[in-house]
Asks: 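Please read through the structure below; I'll follow up with questions.
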Amino acid sequence: MSKTSELNMETLKKMSNAIRVLAAEGVQKANSGHPGMPMGIADVATILFSKYLNIDVNKPDWPDRDRFVLSAGHGSMLIYALNYLLGYSDMNIESLKNFRQLHSNTPGHPEYGDTLGVETTTGPLGQGLGTAVGMALAERMSNAKFGKNLVDHFTYVIVGDGCLQEGISHESIEFAGHLKLAKLIVLWDNNSISIDGNTNLSNSSNQIARFKASGWHTQSVDGHDFDQISKAIENAQKTNKPSFIACKTIIGFGSPNLAGTEKTHGAPLGDDEVKKVKEELNWKSNPFEVPKDILSNWRASVERGLKIRKEWEDRFNKSPKKINLLKIIQTIYPKSLIKI
Amino acid sequence: MSKTSELNMETLKKMSNAIRVLAAEGVQKANSGHPGMPMGIADVATILFSKYLNIDVNKPDWPDRDRFVLSAGHGSMLIYALNYLLGYSDMNIESLKNFRQLHSNTPGHPEYGDTLGVETTTGPLGQGLGTAVGMALAERMSNAKFGKNLVDHFTYVIVGDGCLQEGISHESIEFAGHLKLAKLIVLWDNNSISIDGNTNLSNSSNQIARFKASGWHTQSVDGHDFDQISKAIENAQKTNKPSFIACKTIIGFGSPNLAGTEKTHGAPLGDDEVKKVKEELNWKSNPFEVPKDILSNWRASVERGLKIRKEWEDRFNKSPKKINLLKIIQTIYPKSLIKI
Amino acid sequence: MKLEKPKLATRQASLEFLKVLSSNVDNIAGGSADLTGSNLTKTPDMNSVKPKKFKANYIHYGIREHMMGAVMNGIALHKGFITYGGTFLVFSDYMRSSIRLSALMKTKVIYVLTHDSIGLGEDGPTHQPVEHLAMLRATPNLNVFRPADAVETAEAWELALKYDGPSILALSRQGLKTFRDEKGNDNLTSKGGYLVKDFGNKRDLTIIATGSEVEIALETSDLLLKDNIKASVVSLPCWEIFEKQSEEYKLNVLGEKLKVGVEAGSELGWHKYIGSNGIFIGMKTFGASAPANHLFEHFGLSSDKIREKILGKINT
Amino acid sequence: MKLEKPKLATRQASLEFLKVLSSNVDNIAGGSADLTGSNLTKTPDMNSVKPKKFKANYIHYGIREHMMGAVMNGIALHKGFITYGGTFLVFSDYMRSSIRLSALMKTKVIYVLTHDSIGLGEDGPTHQPVEHLAMLRATPNLNVFRPADAVETAEAWELALKYDGPSILALSRQGLKTFRDEKGNDNLTSKGGYLVKDFGNKRDLTIIATGSEVEIALETSDLLLKDNIKASVVSLPCWEIFEKQSEEYKLNVLGEKLKVGVEAGSELGWHKYIGSNGIFIGMKTFGASAPANHLFEHFGLSSDKIREKILGKINT
Ligand SMILES: Cc1ncc(C[n+]2csc(CCOP(=O)(O)OP(=O)(O)O)c2C)c(N)n1
Ligand SMILES: Cc1ncc(C[n+]2csc(CCOP(=O)(O)OP(=O)(O)O)c2C)c(N)n1
Ligand SMILES: [Mg+2]
Ligand SMILES: [Mg+2]
């Protein structure tokens, strides 16, 4: 499925820092939002989106695309920054500058229907995970109907500490484990921080053991090590169980004074600290500007998805099941079912 | 705390069968209810109530009593049968005959305030476990205030498969494990049956591993083996962690044709089958009659609680903290707090 | 008068509808949170999803309501299936947040919520919804149906399938008379509310009811006729849709005389229809554990007691 | 007129109350579901429960609302503590079932639910309650307080502590004017609702509001006075308690003229007070992500827009 990326570490780091800076700047401009989560998970997201996630930004509703769910919805700037970098047609620099403003397509939390590529509304913690289980189940049920040729995609979810504390996570983990939803891959933003402070204020569970108990494939990686992340995703794609990857991260990574603390969770870093982030990350551009070479690297990465989508379309056009699939995707119901 | 009971196995079996028969008959008379759960868990409950649970039926609100919560509230006939056998003043044979009738003190699910000894309303699955965690936490917080002399009791909970599937169980297990609520003991009615059928229809979690992942002490026992149950409870009392005891049981134990099936979950067994239960259990009495010797065994078992309560009262009366404790138990608030 | 049809619980009518649906479409993803036999969500020809068997159309969610709602949202967002899931109406509490997200995203998800009142009977107050219809009706974008008989149930199902958003079907445990003549081709539920007994401009008052209480309202109207009082009866299965009708239509249905609301739930919201001067007969408290017929009597939800209240009002 | 006091969010007023409470009693078991700094539930002198440290009075529940409600029920049933817990009002969804059990058992549990409307601002519709006040008001035995300023907040706290049952405190994120003179010794919230601006028998209409909308209602009244219209203003912080007042008192408060309800939530339930002819101004849809002041304007909840609507109604 995936081949080792030609992008070298340094390039990846820059691509990832682009997310960090845009997130910090977007939140700063809005004077409201959650910079820490996108900055912390940026390395994981960079690997996932540039190397593995099969989407086509020009055809965001292509049926056999991989699904991506940001269950930790407060990290919405992650999606907006990514979507800008990937080149979604609705996501330009103006959008990022209008973060959290009325009628913008960059609302405080990802809202289904407001933004291309946002597969579901998230924000109420844990809901994204449950919803993703539904997507992964629908994928398997569709696959059983239409075969691997037409339906065969992954569902990736990023969850935070909050998602995993909520009860719905238990219900979802048990159920997905029971059904062996092998194409479901959950990445945990394991930053040991939530709003009240260190998560050890209220938690001391062993999450790996917990997921194992429900029949999941589990791995732990350094969430700032590109190689480890890549390998873990590749392993996860191969197992016959749903997969859990605990990614140890530092919330607000890149912020010299605030990284690793709850202060980066839900408030702007402050103008000064944003400056320092840029120094720390050796980021020379003006606000909301991404250096051309980095933008090109991101934009080039979407070719992979485009190609895969086109291959799928060829198979689809040749398939005798085409009509049926189309009909069902549009969820057409028989006209009169009223007689009982 | 506990001493090996003088009651021999055979007597215990009879005491336990009294619960089974009363549950089957109560549900049959009401033509509505859940016989399977009380019949399955009867052996566990018999050990817990006759040997360990420190309550005084004559003083059901004694502050330092152990708390008992039936989180699997549909098994309410377990409580009503037990409370009759133990001799609670409000629970007579008429009450059992009026199971699930208007204005009776034996409603379909245990309702706080309707029945002596019912510590909390249960029925919505999983709630009892969460509520019990609150009780166990309040116990520790009171203990920290008033010392071991005045506050030192256990909270016992019986949960079913349903409670453990609900998300609230996860939140409760994680939180109790984190706080090391060592005086919380959870007994799981592990009967592998819920309403839709075998629990393997929707679950394949390893519960022991799950509780371990959150820092609990765990044990597995045969829920029909008195010795194993006793030992497990004694072990549980001694650990410095909250305790989980998986009790493998057979739902509807004693019903020759229906035991082990979901048919016993939520419907009367039928007149014929109730008869067969009594044959199977070698139970000769008329409906709603408990043989005198068995009743005496049950009634004698409450002496233990009475004695412990009196000892507590002595300590309490001598304690300088008496007034304070009383005041706080009555939750008196300062009169005027309105000025801000 | 035509022959009386056998009583049918609306949850049973729903099953009958599902039998037709499932024999017509091959992309159902139904399910229940471990209440299959109570919600009547599984038809005999449906088969269950299992670990390695995904060519199936019924999901045993286990006792996981919150997740069931979220999973249904995920199935709807993924596209490809008609998705519905069952539990007791009272346990909509456990999936409030998922229902809200269905409403916010307008996912086409159908919640089959049975045992929709004290008509549930012996299980008692923890299992008897009181505030739930209000909670659901207050939620934007959510169509809340409480059909009164088998025909309305089929109509509600049809409307739910057509609506580009989530629907609630609040269904009875107990059998209800089929008062609608199913031969008519009009989907009357598509008006949200309509007259089921109409005295035209001779009406003295209007009794407005939903679900299982429509039968009681009709009985009350019959009783009142003996008192020489003409009580038109309105069934109001879906408030959200009723609100979308013209002022004229609504006024014509509700009338301008005394209005009496009857629903075995909270009064919250009812004054919009009954006005400041109206009477509401429902649940002021939580329910109780007893056989259903005792409970309807106990809580004043019988035609006798309603008649008395109406006479009391008229005579003051 | 007296000098204007600084604006204070009611969540902040609640913290001020807690400071007094916690310095007066030693049996508090407060807490929050990981929103301590937002709910303002922890006073500087409170200390946190930890694994081996139970001599403490503040509980970090983690992001576990459902359990928090149940645990508070358990603490209340065990006896010995004044227990309260905080989260955002919208996440009462996650603990609906626990709140319901508080109400059914009448446990003395206080739910401190802040960020009680679109006043929450940028976090957007998933975080902005709309239907929640209705859902909670429909629940029997539950006192739902939505205080309008610092004084009402203290009064609500006092009533919650006295009530033998559960209470909801719905509190604002945003600062609100203190319109009440806190020197009076009467707890006016103990009436459930009362006139905050009274034109006596000269009133032309009544604006009824709760919480943060009382300030807007007062502004609207001021504007209308320039149009020569005398709008009395009612604050209705607790419907359940207001319902218990005499008919005479209620009539005196609400008046018999045009009534206008203003609340940044669902209209469900309001017609009991505004009547069939009244106007309700609130949320017909879910909220949106934007700064709070933009949202109040956008959703028509500003004194300008309310004045317009009232004039429109009067002039037809
Ligand atoms: C159900 C729910 N409860 C509470 C919140 C408020 N909230 C938003 S983020 C958050 C903390 C989440 O912590 P974590 O997932 O670790 O995110 P991080 O701080 O690491 O970004 C809370 C409590 C919410 N969004 N949803
Ligand atoms: C929250 C909630 N959902 C659903 C129900 C309905 N219900 C009652 S018992 C039960 C099955 C419980 O299974 P289990 O705990 O294993 O009980 P057993 O059949 O072993 O007695 C269900 C779904 C409920 N009481 N509460
Ligand atoms: Mg975190
Ligand atoms: Mg079971």
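Below, read A as the first sequence line, B as the second, and so on, with proteins coming before strands; counting in each chain starts at 1.
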Asks: Counting only non-hydrogen atoms closer than 4.5 Å, does B:Glu166 touch chain A with its backbone (N, CA, C, O), its side chain (CB onward), both, or neither?
Replies: both

Asks: Specify which of A:Asn203, A:Asn206, A:Ile208 makes the most heavy-atom pairs with chain B at under 4.5 Å.
Replies: A:Asn203

Asks: Anything under 30° is parallel, anything over 60° is perpendicular, the rest tilted; go ahead and classify A:Phe211 against A:Trp216.
Replies: perpendicular

Asks: Of B:Thr121, B:Thr120, B:Leu78, B:Val118, which meets side-chain contact (heavy atoms from CB on, under 4.5 Å) against B:Pro110?
Replies: B:Val118

Asks: Tell me which of these, A:Gly167, A:Gly177, A:Gly215, A:Ser214, has more heavy-atom pairs under 4.5 Å with chain B than the rest.
Replies: A:Gly167

Asks: Check whether B:Ser172 gets within reach of chain A through its side chain, its backbone, both or neither, counting any heavy atom under 4.5 Å.
Replies: neither

Asks: Looking at B:Leu201, B:Leu179, B:Ile168, which has the largest count of heavy-atom pairs under 4.5 Å with chain A?
Replies: B:Leu201

Asks: Should the pair B:Asp152-B:Arg140 be classified as a salt bridge under the 4.0 Å nitrogen-to-oxygen rule?
Replies: yes

Asks: Begin from the C-alpha positions of A:Lys183 and A:Asp66 and carry the test salt bridge (Lys or Arg N to Asp or Glu O under 4.0 Å) through to its verdict.
Replies: CA-CA 10 Å; A:Lys183 308 215 70 168; A:Asp66 286 344; over 6 Å; no

Asks: Please check if any side-chain donor atom of B:Glu174 sits under 3.5 Å from a side-chain acceptor atom of B:His170, or the reverse.
Replies: yes

